[in-house]
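One structure is given below, encoded as C-alpha cells.
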Amino acid sequence: DAKTTQPNSMESNEEEPVHLPCNHSTISGTDYIHWYRQLPSQGPEYVIHGLTSNVNNRMASLAIAEDRKSSTLILHRATLRDAAVYYCILTSAGGTSYGKLTFGQGTILTVHP
Amino acid sequence: DVKVTQSSRYLVKRTGEKVFLECVQDMDHENMFWYRQDPGLGLRLIYFSYDVKMKEKGDIPEGYSVSREKKERFSLILESASTNQTSMYLCASSSASSGLRSPLHFGNGTRLTVT
C-alpha cells in the first residue's frame, strides 16, 4: 500500500492560515487523497478528499501537486477548535485492499490564542 | 448526518473474558470497519466488511473476530481478552456507491481496559 509522510507536529496562531503538508511519493494513479482530523476524545472526522485537482469545501482546501506526490491541507483561518491530529490518507484500490484506509501517525496541530 | 454509534464508551474486562463490542450505523452503508488506536501506533485496521455476512481481515486480525448479521450492525469479538488488547476501539462506516471517494464516518470509540 502507498504510504504517506507527515510532520509530527505543527503550531499556528488563531486566525492565521495553516498549511499542513503530506508526502505520498508512491501514490498510484487511482489512489484518492483523503484528510481526516481527530479532536480529543472523539473519533476521526472526514475533512476533504481529492484525486488530481485542488478541492475546496466549507472546512478546508486541498492543494495537490501536479505530480501527485505531495499535497497540502489548507485551513484558511485557524481557530482553537481546529486543534487536532490531522491524518493524510490514501485509498487503496484493487483486490482485498479495495477501499481500505491506512492511517499513519498524523500531524498534531496546536493553535495558540 | 450519518450516525455511527458504539454501544459503550468505556469498558473494563478481565483477562480471558469474551468481549463483544457493538457498532450500529443509521445510513444504510455497505462498508463497515473496526480499528484500534494506540499511542504512537496510530489507527490500525482490524477487520472490515463490505456486505452482510462478509468480512475481510485487516492489518491486525489476530485475537479478534467479527460478525455482520445485519447491514447496520458490525460486532467485534475478543474471544479471550488479553491485556495487550487494552486499547481504544473505533468503528466506522462508508457508502460503497462512491467507491474510493467515500468518506469514513467514525463513532466516538470504546476505550477497553483488560485487567
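Naming: A, B, ... by sequence-line order, numbering from 1 per chain.
- Of the listed residues (B:Q37, B:R111, B:M88, B:Q6), the one with the most heavy-atom contacts under 4.5 Å to chain A is B:Q37.
- Closest approach of A:P44 to B:L43, counting heavy atoms only: CG-CD2, 3.9 Å.
- There is no path of hydrophobic side-chain contacts, each under 4.5 Å, that joins B:M32 to B:Y50.
- Cluster annotation: B:L112 and B:I60 are assigned to the same hydrophobic cluster (Ile/Leu/Val/Met/Phe/Trp/Tyr, side-chain heavy-atom contacts under 4.5 Å, transitive).
- The OG atom of B:S102 lies 8.0 Å from the NE2 atom of A:H34; values are rounded to the nearest 0.5 Å.
- To the nearest 0.5 Å, the span separating CD on A:E45 from CG on B:N108 amounts to 10.5 Å.
- Each of A:V47 and A:I74 belongs to its own hydrophobic cluster when Ile, Leu, Val, Met, Phe, Trp and Tyr are linked at side-chain heavy-atom distances under 4.5 angstrom.
- Under the 4.5 Å side-chain heavy-atom criterion for grouping Ile, Leu, Val, Met, Phe, Trp and Tyr, B:F106 is not connected to B:Y89 through any hydrophobic cluster.
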